[in-house]
Structures are given as C-alpha cells and as structure tokens.
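What follows is a short report on a single structure.
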Amino acid sequence: MTDKPLFGTVAFIGIGLIGSSLARVIRRDGLANRIVACARSDATLEKAMELGLADHVTKDLQEAASGADLIVLCTPIGTCGAIAETIAPVLKPGQIVTDVGSVKQAVIAAVLPHMPEGVAFVPGHPVAGTENSGPESGFDTLFEGRRFIMTPPDGSDEEAVEKVAELWRRAGSTVDRMSAEHHDWVLALTSHLPTLIAFNIVGTVDDLESSTKQEVIKYSASGFRDMTRLAAQDPDMWRDVFLNNREAMLEMLQRFSEDLSRLQRAIRWGEADALEDLIRRSRDIRRNVIDAGQA
Ligand code: NAP
C-alpha cells in the first residue's frame with residue numbers, strides 16, 4: 001500500500017488486457033478502495049473475480065457506473081458511444097469518465113455529447129500493449145516506462161485531468177498531453193499503419209498455396225515471425241481502430257504506397273544507392289527508438 005487512495009470506487013467497463021492491467025496496478029498500490037468490473041460475458045467476469053481484479057462484477061453498465069468516482073472505458077472504441085449513452089442517466093456531478101482507446105477524435109465525438117453537466121470526460125491512450133486479450137493476459141508492469149497520452153478537449157476540468165494523469169504516473173507511465181487530432185496522426189504512423197501492414201503481409205502468406213505456406217512458417221524466424229506477433233491482435237479492437245481513424249489512415253496509406261512504388265522501381269532498375277540510403281535511414285530510426293527506451 002502507498003499513501004491515501006486516489007479514488008473511492010473505480011469502475012472498469014471492459015476488463016481485458018488494458019483494463020485488467022490497470023486494475024492490477026490499482027490493487028497492488030491501493031490506489032482505490034473498491035474496484036467494480038463490467039463486461040459482456042460471464043466467462044470474463046468469473047475470470048476477473050478468480051484473479052482478484054474486482055470486488056464486484058456485473059454485466060449491467062448502469063450498475064457498474066453508478067456511484068463510481070472514476071469510470072474507465074476499456075472496451076473496443078466502437079462501443080464507447082453506446083456505453084456513454086447507457087450510463088449517462090446514472091452519472092452525477094463530480095464523477096470522472098476516462099478511456100484508453102487507441103483513437104481519440106472519434107471517441108471524444110462519440111462520448112462527450114452524452115456527458116451530463118459536472119461530469120468530466122478525460123480521454124487518454126496508454127501507448128503500451130501486447131498481442132493478447134482478456135483479463136488473464138494483463139500484468140501490473142505493462143505501463144511502466146511507457147507513454148500515456150491525454151487529449152482533453154478545450155475547457156476540460158483540470159482537476160479531473162490531473163487526477164487521471166496521477167493514476168497513470170503511479171502506473172509507471174510518462175504522461176504527455178496533445179490535441180486529439182495530433183494524437184490520431186502520430187498514432188496512425190507509429191502504430192496503426194505498421195499493424196495494418198502486418199495484417200496484410202500475413203494475409204498474403206495465408207493466400208499462398210499450402211506447400212509454400214508451410215515453408216514460410218518453417219523459416220519464419222527471418223522476419224515473418226515478428227509480423228505474425230503484430231498481426232495476432234484482437235479483431236474487434238483493430239477493426240474499430242482502422243474505421244475510426246479513417247482520414248489519418250488513408251493519408252498514411254497513400255504515402256506508404258508512393259514510397260513502396262519508389263522501392264519497386266529501385267529494385268527493377270538496380271538503383272543500389274536508393275536502397276542503401278533507405279536501409280541506412282531505417283537503422284538510424286531503430287537506434288533512436290532504442291535510445292528513447294521504447295525498444
Ligand atoms: P480486450 O482484452 O479484448 O478486452 C476488451 C474488454 O471489453 C473485455 O472485457 C470485453 O468483455 C469488454 N467489452 C467489449 N465490448 C463490450 C461492451 N459492449 N460492453 C461491455 N464490455 C465490453 O481489449 P484490450 O486490448 O484491453 O483493449 C481495450 C481498449 O484498449 C481498446 O479500446 C483499445 O483501443 C485500447 N488499447 C489497446 C491496446 C492493446 O495493445 N491491446 C493498447 C492501448 C490501448 P467480454 O470479454 O465479455 O467480451
């Protein structure tokens with residue numbers, strides 16, 4: 001236990017990888033007096049209880065949100081608007097609603113209009129994760145040394161923003177603040193585009209005739225293995241990310257296709273310098289990632 005808890009009751013709507021990891025931090029450090037977990041399935045709720053992640057579990061969104069000091073939306077982003085609409089009638093001034101969605105503009109547009117007067121919505125995104133889902137896949141060090149990006153709209157309740165920031169600092173993250181629009185552009189490039197490319201490469205292999213596919217799997221350590229890790233992520237989550245970060249994704253895909261055509265040309269015409277230059281620049285970027293502690 002550390003000093004005084006930051007919150008009385010914290011309610012998690014969605015208790016998968018991200019929700020359960022944060023719940024573990026809250027439990028470990030005594031950051032709340034009580035944790036409530038809400039999910040769709042009995043199996044998830046039973047698992048959450050078995051793992052000791054919550055004091056109370058329910059499938060009822062309103063029951064979960066009612067009276068909680070902090071409500072954390074940890075479901076696929078496409079569900080956030082309907083969940084906000086459902087819990088809105090039981091929300092009271094002073095409660096804080098936050099989220100962890102990987103896209104911010106779409107979540108703000110879907111959730112904010114439902115927030116009653118006096119209820120703060122603090123949008124956020126922990127830039128941390130694995131390819132696993134569900135309450136059993138979480139761990140309390142997931143956010144350590146990672147970034148938590150907050151995108152509070154203009155005029156947000158600064159006290160609520162600071163409380164949410166403090167929770168993520170206690171989870172070991174560095175808290176950054178930026179506009180939701182900027183977040184969505186940056187993440188389209190650093191996370192959403194690489195993941196889409198991984199799905200695409202793995203899909204290409206899946207379409208190969210079965211003998212060739214077996215060869216690829218057998219020799220996968222030469223690069224394909226890392227792509228499969230990235231491509232093994234939750235379909236609901238990633239469908240929602242691509243569809244809800246549409247503009248930024250389309251822009252990044254346009255740039256990517258142009259660069260890919262340039263590479264195709266370099267290979268066709270034997271432009272060794274162009275290829276070498278790209279490989280060198282890529283190695284520099286890798287070194288920068290390692291230096292920034294993000295490897
Ligand atoms: P997850 O492990 O698949 O967990 C999702 C949870 O949401 C489950 O408990 C699920 O319950 C629940 N859920 C889904 N739809 C619901 C609904 N309509 N009502 C109530 N509960 C519902 O997902 P996750 O990886 O934790 O991701 C959750 C959020 O975190 C997403 O918005 C994602 O963008 C964001 N995020 C993910 C990562 C990552 O690497 N995974 C990183 C940063 C941010 P059931 O099990 O009962 O279906």
Side-chain angles (χ1 to χ4, degrees), residues 11-25 35-51 53-54 57-65 68 71-87 97-108 110-111 123-144 146-151 168 171 173 176 180 183-184 186-188 190-192 194-196 198-199 229-245 249 294:
F12 285 92
I13 313 279
I15 188 86
L17 171 71
I18 302 296
S20 78
S21 295
L22 189 59
R24 282 172 168 91
V25 172
I35 298 177
V36 175
C38 177
R40 291 174 301 187
S41 67
D42 290 325
T44 295
L45 293 178
E46 280 161 20
K47 194 52 147 180
M49 276 311 255
E50 188 189 312
L51 293 166
L53 298 172
V57 294
T58 175
K59 281 189 194 172
D60 186 324
L61 291 164
Q62 292 192 344
E63 185 189 330
I71 298 151
V72 194
L73 307 180
C74 300
T75 55
I77 50 185
T79 63
C80 291
I83 291 172
E85 188 176 8
T86 306
I87 64 174
V97 179
T98 186
D99 83 304
V100 297
S102 312
V103 178
K104 299 290 17 126
Q105 290 176 101
V107 171
I108 293 171
V111 171
H125 174 207
V127 186
T130 73
E131 68 276 29
N132 302 317
S133 334
E136 64 283 10
S137 61
F139 50 100
D140 66 0
T141 53
L142 177 62
F143 310 114
E144 273 177 23
R146 303 284 163 198
R147 301 263 164 185
F148 178 72
I149 304 176
M150 308 186 89
T151 63
W168 287 95
S173 295
D176 293 331
H183 168 278
D184 290 354
V186 172
L187 269 291
T190 59
S191 165
H192 308 165
T195 308
L196 189 81
F199 286 132
R229 191 192 57 75
L230 209 52
Q233 304 197 62
D234 186 64
D236 291 354
M237 169 182 156
W238 282 98
R239 176 205 59 219
D240 283 4
V241 168
F242 298 141
L243 293 178
N244 285 280
N245 202 13
M249 279 307 294
Q294 298 300 308

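Both counts, for ligands and for their atoms, begin at 1 and track the order of listing.
- Not a single donor-acceptor pair under 3.5 Å links the side chain of T141 to the backbone N or O of E144.
- Annotation for ligand 1: atoms under 4.0 Å from non-hydrogen atoms of S41 are 45 (P), 46 (O), 47 (O).
- Residue contacts with ligand 1 do not include C80, since none of its heavy atoms lies under 4.0 Å from the ligand.
- When each atom of ligand 1 is checked for a heavy atom of S133 under 4.0 Å away, the hits are 1 (P), 2 (O), 3 (O).
- Between W168 and F148, the ring planes lie parallel to each other; the angle is under 30°, not in the 30° to 60° tilted range.
- Panel note: side chain S21, backbone D140; no donor-acceptor pair is recorded below 3.5 Å.
- Of the protein's heavy atoms, G129 CA, 3.3 Å lies nearest to atom 40 (O) of ligand 1.
- Geometrically, ligand 1 and T75 share a nitrogen or oxygen pair separated by less than 3.5 Å.
- Looking only at heavy atoms of the protein, atom 5 (C) of ligand 1 is closest to C74 O, 3.8 Å.
- At a heavy-atom cutoff of 4.0 Å, ligand 1 is contacted by no atom of A43, backbone or side chain.
- For ligand 1, the polar-atom distance check finds no N/O of H125 at less than 3.5 Å from any of the ligand's N/O atoms.
- Within the listing of ligand 1, atoms 9 (O), 45 (P), 46 (O), 47 (O) sit less than 4.0 angstrom from a heavy atom of T44.
- Nearest heavy-atom pair across T75 and C80 is OG1-SG, 4.1 Å.
- With a 4.0 Å cut-off on non-hydrogen atoms, S102 touches ligand 1 through its backbone as well as its side chain.
- Between M237 and ligand 1, not a single N/O pair is under 3.5 Å apart.
- Not counting sequence neighbours, the partners of E46 by the side-chain contact (heavy atoms from CB on, under 4.5 Å) test are D42.
- With a 4.0 Å cut-off on non-hydrogen atoms, R40 touches ligand 1 through its backbone as well as its side chain.
- A donor-acceptor contact shorter than 3.5 Å links the side chain of D184 to the backbone of Q105.
- In plain terms, the two heavy atoms of C74 and G19 that are nearest each other are SG-CA, 3.6 Å.
- What sits closest to atom 42 (C) of ligand 1 on the protein, heavy atoms only, is A128 O, 2.9 Å.
- Using a distance-only test at 3.5 Å, with no hydrogens or angles considered, a donor-acceptor pair links the side chain of T79 to the main chain of P76.
- Less than 4.0 angstrom separates some heavy atom of P126 from each of these atoms of ligand 1: 43 (C).
- At least one heavy atom of T130 lies less than 4.0 angstrom from ligand 1.
- Counting only heavy atoms of the protein, atom 26 (O) of ligand 1 lies nearest to I18 N, 2.9 Å.
- I15 N, 2.9 Å is the protein heavy atom nearest to atom 9 (O) of ligand 1.
- Taking every heavy atom of both residues into account, I18 and P126 meet most closely at CG2-CG, 4.1 Å.
- Formation of a donor-acceptor pair under 3.5 Å by the Q62 side chain with backbone atoms of T86 is found in this model.
- Polar contact check, V241 against ligand 1: no nitrogen or oxygen pair lies under 3.5 Å apart.
- Contacts between L17 and ligand 1 below 4.0 angstrom, taking non-hydrogen atoms only, involve backbone and side chain alike.
- Residue, atom and distance of the protein heavy atom nearest to atom 4 (O) of ligand 1 are G16 CA, 3.2 Å.
- Where the criterion is an N or O separation shorter than 3.5 Å, residue side chain and backbone included, N132 fails it with respect to ligand 1.
- Taking all atoms of both residues into account, the shortest heavy-atom contact from V241 to S102 is CG2-CB, 3.9 Å.
- Across all non-hydrogen atoms, the minimal contact from G101 to I77 is CA-CG2, 3.5 Å.
- Looking only at protein heavy atoms, the nearest one to atom 11 (O) of ligand 1 is A39 CB, 3.5 Å.
- Of the possible donor and acceptor atoms, one in the side chain of S20 sits under 3.5 Å from a partner among the backbone N and O of P135.
- The G14 neighbourhood of ligand 1 comprises atoms 6 (C), 7 (O), 9 (O), 12 (C), with distances under 4.0 Å to a heavy atom of that residue.
- Those atoms of ligand 1 that come under 4.0 Å of a heavy atom in I77, given as number and element, are 32 (O).
- Residues satisfying the side chain to side chain donor-acceptor pair (under 3.5 Å) test with N244, not counting sequence neighbours, are none.
- Inclusion of C38 in the set of residues having an N or O under 3.5 Å from an N or O of ligand 1 is not warranted.
- Those atoms of ligand 1 with a heavy atom of V100 less than 4.0 angstrom away are 29 (C), 30 (O), 35 (C), 36 (N), 44 (C).
- Checking H183, R147, K104 one by one against H125, the side-chain hydrogen bond (donor to acceptor under 3.5 Å, both in side chains) holds for a single residue, H183.
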